[in-house]
Every structure is written in structure tokens, then in C-alpha cells.
There are 2 protein chains.
Amino acid sequence: MTPAQSAQNMLDAMARGNVLAPDCPSRAVLQHLTSRWGVLVMAVLATGTYRFAALRRKIGGVSERMLAQTLQQLEGDGFVHRKDYGEVPPRVEYSLTPLGETAAQHLVGLVGWIEGALGEILSAHQPARDLSASPDQTAPASA
Amino acid sequence: MTPAQSAQNMLDAMARGNVLAPDCPSRAVLQHLTSRWGVLVMAVLATGTYRFAALRRKIGGVSERMLAQTLQQLEGDGFVHRKDYGEVPPRVEYSLTPLGETAAQHLVGLVGWIEGALGEILSAHQPARDLSASPDQTAPASA
DNA sequence: TTACGAAACGTAAGTACCTACATAAATGTT
DNA sequence: AACATTTATGTAGGTACTTACGTTTCGTAA
């Protein structure tokens, strides 16, 4: 790749992200927002401000570690605001930034649609042509 | 868990999914749609019908294996239609089902917003308080 | 007759994710 | 003087995701 092409890539990336390009920063942002816990954190924070433990209780199945990590990613991207009261024992409140609220709208829309269309989706559900190494996704439904 | 509770869970799940519940099937659907390649596959298929290789060229960085796997998941959930012409060499076309088109709308909306807001997002970008095991997500931007 | 094409499948190896558990810190309580 | 509280961090280890590479099929081109 020539320097000119590289520069053009930079410009393209800055002007308007292109998630189809492997090196575009938008890929990372997309990953943060659509990560396993990222979606759920955003969806919950869209309903208000929460403390760490409250957030964790709200989202079934997150470990402390993953929640902390996810929150840091979202904070790093400017979607989540973290307010530390500097007290001991620690008190920290999480909420969405204006940017985060806009992003959350899309995620809430998606999640809400899935929840509503779940019946239809499960009806159309097929065993999926076998690929041998079929990764069972999430938990194998302990229920 | 008692049989009654199990039945109640089934009813809850069928009536309306709840992604905040760890065992709800909607979690799996959400994961498929928001998986690393799932989002991109849906976004591309929202623009038309593609053959396997064309889809792969369109989405930068997917391996054959991952694309095939992702397509099978989405087909299993009823979002993607697979048309096999049974020829040799193989010819297979992928497109969205009506259900898939609805889902894709939300994903395209999200992706489009990210691409457009990327400048603003990168501006607000902070190094993210260190958590030592900071997973660099995707590639560290080789460009 | 040999090489090529297109869409997977199989296996092995690498990497990243995720969980579980132990640790820290200042104050108020027992 | 011990102890519980709350939000993390560090480490170790398992699990799942990804990639790389080889294999299959069989008409068509060389």
C-alpha cells in the first residue's frame, strides 16, 4: 500500500467510518456496543442511573470482572459517564452520556424487537445444518 | 427447579423474551445478530443477494470458516435464506428473509449511526482507565 | 490427463474471552 | 480490636472463538 493510499484510508475513516474495512476504528466501537454485555449494559443504563452492584443484579449472569471491563470500554468510547464519590466503601454511579443515549436508542430498538419477535423467531427455528464444530453459543440452556 | 417453575419459564420466554434473564432464548438470538460477523453479514445482505465468495470479499477480514458458521447461525434463526443451486462447482446464494429484513433494519441503523458519529466518538475517546488485562479488541489499527 | 473452479467440511493450533477466587481500603459497627 | 461494606484489581485456569490449511466434488478448460 502506498503512502497516498494509506492517507486516503485515514481520511475515509475520519470522515465517515466504514465497518466493512478491517482496519477502520468503527469496528472496535461496534464491537464494544455489540459485545455480549455491552448491549445489555447500554439497554439498562438507558432506563436510568445505577450503581455498580445494582447494575450487576439487573443483568443476569455477569461476573463483576466482565461488568467492570465492559463499563470501562463504554466509558472509554464516551458512551458511559462514571461518577465516583470517592468514599469508602466505594460509591460509584454509572449513567449514559448524551452520545451514549443516542447509541442506546438503536440498541434498545434492536433488543426490544428481538424480545417481541421471539415467538416468531423460535417458530422458524431450524436445527441449523451441522458444521460438526457447532458452538453451542451461551449456555446450553440449563433449564 | 420444579416442573411448574420450568413451565413458567417457558411461558415467559414464549410470551415475550427477556434478554436480562440468563436462560432466555432471546440471549442466543441477540448473540447471533450482534456477533462479530453477524452484524456485518446482516448489514451487507440488507443491500441485496450475494454468493458466498462475493459476501466474503465484501466483508473485510472474515475467514471462510467464520462466514460459513455465521451464515448457518443466521439461517437457523430464520433471518437468512440460503438457495443452493446444487451445481458443480457449487453455487449458493444468500439473502434475507422477511424476518431478517426487519432485524437488519435495526442493525443497519446502528451501524450507520456509528459510521456517521465516528468522528465525534473518536474525539471523546479516552485511554480508558487501565484494567491491566486490557483486551485490545480487533486489530490495533495497522494503518 | 491434469489443473481449475466454488462452497463448504475437518482438524489442529493459536488467541482471546470469561469465570472463580483472593486481595485491597477507610469507616462505622459489634 | 475484629468485621462487614462496596468497587474494583490480580492471578490462574478453563472454555469458546478464530484462523490456517488441507480435503472433497466433478464438469470444463488446457
Side-chain angles (χ1 to χ4, degrees), chain A residues 22 27-28 31-32 34-41 49-76 80 82-95 128-140 142, chain B residues 22 27-28 31-32 34-41 49-76 80-95 128-140:
Chain A
R27 274 275 176 96
Q31 296 247 325
H32 296 166
T34 62
S35 70
R36 181 168 180 190
W37 304 116
V39 188
L40 301 180
V41 166
T49 298
Y50 287 85
R51 293 184 64 178
F52 186 87
L55 205 48
R56 180 154 135 73
R57 277 191 298 273
K58 201 88 165 144
I59 301 174
V62 222
S63 65
E64 288 186 3
R65 176 88 195 211
M66 276 300 100
L67 181 55
Q69 202 167 291
T70 302
L71 283 168
Q72 289 191 2
Q73 286 182 342
L74 295 175
E75 188 194 356
V80 164
R82 182 189 127 103
K83 173 153 189 173
D84 188 339
Y85 288 85
E87 304 175 354
V88 172
R91 184 154 72 98
V92 182
E93 285 181 350
Y94 292 94
S95 58
R129 294 166 298 109
D130 203 345
L131 197 134
S132 77
S134 70
D136 259 353
Q137 298 308 117
T138 60
S142 58
Chain B
R27 274 275 177 96
Q31 296 249 325
H32 296 168
T34 62
S35 69
R36 182 169 178 190
W37 305 116
V39 189
L40 301 180
V41 166
T49 298
Y50 286 85
R51 292 184 64 178
F52 186 86
L55 205 48
R56 181 154 135 72
R57 277 192 298 273
K58 201 90 166 142
I59 302 173
V62 221
S63 65
E64 290 185 2
R65 175 92 194 200
M66 276 299 100
L67 181 55
Q69 202 167 291
T70 301
L71 283 168
Q72 289 191 1
Q73 286 180 344
L74 295 175
E75 189 194 355
V80 164
H81 173 69
R82 181 188 128 103
K83 173 153 189 175
D84 188 339
Y85 287 86
E87 302 174 356
V88 171
R91 184 154 72 98
V92 181
E93 285 182 351
Y94 293 93
S95 58
R129 293 166 297 110
D130 203 346
L131 196 134
S132 76
S134 71
D136 257 352
Q137 299 305 120
T138 59

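Each chain gets a letter, A, B and so on, in the order the sequences are listed, and its residues count up from 1.
Taking only distance into account, the side chain of B:Arg65 meets the base of C:dT11 through a donor-acceptor pair shorter than 3.5 Å.
Every side chain to side chain contact (heavy atoms under 4.5 Å, CB included) that A:Arg57 has, sequence neighbours left out, goes to A:Ala53, A:Ala54. A:Val62 is linked by a side chain to side chain contact (heavy atoms under 4.5 Å, CB included) to A:Trp37, A:Ile59, A:Met66, A:Leu67, counting only residues two or more places apart in sequence or in another chain.
Between A:Ser95 and A:Lys83 the shortest side-chain heavy-atom distance does not fall below 4.5 Å. A:Thr70 places none of its side-chain heavy atoms less than 4.5 Å from the side chain of A:His32.
Put simply, NZ on A:Lys58 and OH on A:Tyr50 are 4.0 Å apart, with the number rounded to the nearest 0.5 Å. The CG atom of A:Leu74 sits 6.5 Å away from the OG atom of A:Ser35 when rounded to the nearest 0.5 Å.
Following rounding to the nearest Å, B:Asp84 (CG) and C:dC9 (P) show an atom-to-atom distance of 11 Å. Taking atom CD of residue B:Gln73 and atom C1' of nucleotide D:dC17, one finds them 11 Å apart after rounding to whole Å. Distance A:Leu40 CG to C:dC18 P: 12 Å, rounded to the nearest Å. If you measure from atom CD of B:Gln69 to atom P of D:dT18, you get 8 Å, rounded to the nearest angstrom. Remark: P of C:dC9 and CE of B:Met66 are 12 Å apart, rounded to the nearest angstrom. As rounded to whole Å, 13 Å separates atom C1' of C:dC17 from atom NE2 of A:His32. Atom CG in B:Leu67 sits roughly 14 Å away from atom C1' in D:dT19 (whole-Å rounding). Atom OH in B:Tyr50 sits roughly 17 Å away from atom P in C:dA8 (whole-Å rounding).
Among the heavy atoms of the strands, none lies under 4.0 Å from B:Gly86.
Dashed line: the shortest gap from a side-chain N or O of A:Gln72 to OP1 or OP2 of D:dT9 is under 4.0 Å.
Side-chain contact annotation: B:Tyr94 with B:Glu75, donor-acceptor N/O pair under 3.5 Å absent.
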I'd like a list of close polar pairs between nucleotides 5-7 of chain C and the protein, N/O only, cut-off under 3.5 Å.
| from | atom 1 | to | atom 2 | distance (Å) |
| --- | --- | --- | --- | --- |
| C:dA6 | O3' | B:Arg51 | NH2 | 3.0 |
| C:dA6 | O3' | B:Pro90 | O | 3.3 |
| C:dA7 | OP1 | B:Arg51 | NE | 3.0 |
| C:dA7 | OP1 | B:Arg51 | NH2 | 3.4 |
| C:dA7 | OP2 | B:Ala53 | N | 3.1 |

